[in-house]
Enquirer: 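One structure, as structure tokens, below. Some questions next.
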2 protein chains.
Amino acid sequence: MNIEQSNKDNQLAEIFKTLSEPNRIRILRILDHSDRELTCSEVSEQLNISKSTVSYHFKALRHAGLTNTRQAAQTKYLSINEKTFKEYLPSFLESL
Amino acid sequence: MNIEQSNKDNQLAEIFKTLSEPNRIRILRILDHSDRELTCSEVSEQLNISKSTVSYHFKALRHAGLTNTRQAAQTKYLSINEKTFKEYLPSFLESL
DNA sequence: CTCCTTGTTCGATTGTTATCGAAATACAAA
DNA sequence: TTTGTATTTCGATAACAATCGAACAAGGAG
């Protein structure tokens with residue numbers, strides 16, 4: 001097995017790891033369905049998990065390139081990064 | 001969020017968790033590319049990881065419904081369960 | 001029956017994850 | 001400048017995951 005292939009495997013595994021948490025899938029669904037950006041607090045309320053936990057998930061999703069963020073003052077808005085999904089999981093968003 | 005949706009999320013997350021390990025992706029690739037069943041020992045040798053670790057991964061893949069097993073005497077043959085991939089990750093195998 | 005091969009399970013280790021509440025930070029509004 | 005809102009970081013905890021080698025079990029070949 002060559003090294004590029006190995007790196008690709010690691011990258012794909014990383015994306016899967018990020019998605020291996022039900023709450024993250026839920027975050028992506030409400031992002032996708034609401035068709036607008038969401039904040040940490042909104043998600044915290046909708047999913048009934050603490051803000052710090054949501055912040056942690058936001059960071060993970062962002063780090064994996066699955067979401068975009070836009071900061072406005074102290075508020076951070078999350079949206080789906082369609083590009084990554086198109087490249088790695090083309091059918092995922094439609095299946096939500 | 002209803003309970004069925006929640007269960008579906010858990011199930012999908014479970015599949016992602018199973019795939020969040022580079023070696024498991026590699027196992028699936030060599031399964032897919034070799035176009036035949038593989039054994040624990042073969043994989044152990046090809047990936048340079050111990051048999052007990054491969055056995056552990058085999059079990060996980062099987063448990064997630066991603067592979068099928070066929071037992072013949074003391075040898076266990078693994079193959080890809082296309083059905084699960086078709087249902088949950090229709091583009092995955094082609095991308096390997 | 002004895003030996004070899006295949007695979008599983010066990011015990012141990014090491015590292016990672018999800019979660020929370022509390023404290024800290026950053027900014028806006030009053 | 002004080003207060004309130006949004007988010008992040010910290011420290012702690014509890015659970016889980018990947019890995020190994022050793023020991024074990026099951027079956028085939030000689």
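Below, each value reflects all heavy atoms present in this structure, side chains not excepted, and no hydrogens, waters or symmetry copies. So you know, we letter chains A, B, ... as the sequences are listed, proteins then strands, and number each from 1.
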Enquirer: Contact class for Lys51(A) vs. all strands (heavy atom < 4.0 Å): base, sugar-phosphate, or nothing?
Expert: base
Enquirer: Without decimals, in angstroms, what is the distance between Asn48(B) CG and dC20(D) C1'?
Expert: 14 Å
Enquirer: Take atom OH of Tyr77(A) and atom P of dT8(D), then tell me their distance rounded to the nearest Å.
Expert: 13 Å
Enquirer: Any donor-acceptor pair under 3.5 Å joining the side chain of Ser52(B) to the base of dG21(D)?
Expert: yes
Enquirer: Is Tyr56(B) touching bases, backbone alone, or none of the nucleic acid, heavy atoms closer than 4.0 Å?
Expert: base
Enquirer: Does dG21(D) have OP1 or OP2 under 4.0 Å away from a side-chain N or O of Ser50(B)?
Expert: no
Enquirer: Using only side-chain N and O atoms of Ser55(B), determine if any of them is under 4.0 Å from OP1 or OP2 of dT8(C).
Expert: yes
Enquirer: Kindly indicate whether the side chain of Leu96(A), heavy atoms from C-beta on, has any atom under 4.5 Å from the side chain of Ile25(A).
Expert: yes
Enquirer: I want to confirm an ordering. Mapping Thr39(B) and Arg24(A) to their closest nucleotides on DNA chain C, which one lands closer to the 5' end?
Expert: Thr39(B)
Enquirer: Check whether NZ of the Lys or CZ of the Arg Arg62(B) lies under 6.0 Å from the centre of the six-membered ring of Tyr56(B) and within 45 degrees of that ring's axis.
Expert: no
Enquirer: Atom CZ of Phe58(B) and atom P of dT9(C): how far apart are they, to the nearest Å?
Expert: 14 Å
Enquirer: Among the candidates dT17(C), dA18(C), dA18(D), find the nucleotide nearest to the side-chain atoms of Glu21(A).
Expert: dA18(C)
Enquirer: Judged by each residue's nearest nucleotide on DNA chain C, which is more toward the 5′ side, Val54(A) or Ala73(A)?
Expert: Val54(A)
Enquirer: Compute the centroid of each ring, for Phe16(B) and then for Phe92(A), and state whether the two points are separated by less than 6.0 Å.
Expert: yes
Enquirer: Figure out the CD/P separation between Gln74(A) and dA6(D), and round it to whole Å.
Expert: 7 Å
Enquirer: Should the pair Lys76(A)-Glu37(A) be classified as a salt bridge under the 4.0 Å nitrogen-to-oxygen rule?
Expert: no
Enquirer: In this structure, how many angstroms lie between the C1' atom of dG15(C) and the NZ atom of Lys17(A), rounded?
Expert: 10 Å
Enquirer: Within this structure, what is the CG-to-P distance between Leu47(B) and dC20(D), rounded to whole angstrom?
Expert: 11 Å
Enquirer: Looking only at side-chain atoms of Thr53(B), point me to the closest of dG7(C), dC20(D), dG27(D).
Expert: dC20(D)
Enquirer: Quick check for you: among dT8(D), dT8(C), dT6(C), whose closest atom lies nearest to any side-chain atom of Lys76(B)?
Expert: dT8(C)
Enquirer: Would you sort out whether Glu45(A) and Lys51(A) count as a salt bridge (charged side-chain N to carboxylate O under 4.0 Å, His left out), showing the intermediate values?
Expert: CA-CA 8 Å; Glu45(A) 203 169 317; Lys51(A) 286 180 191 182; over 6 Å; no
Enquirer: Which whole-number value in Å describes the distance from Ile49(A) CD1 to dG21(C) P?
Expert: 12 Å
Enquirer: Whether His57(B) contacts dA17(D) is assessed here as follows: a side-chain N or O lying under 4.0 Å from the phosphate OP1 or OP2. Is that the case?
Expert: no
Enquirer: Tell me: CG of Leu61(B) to C1' of dA17(D), nearest whole Å?
Expert: 14 Å
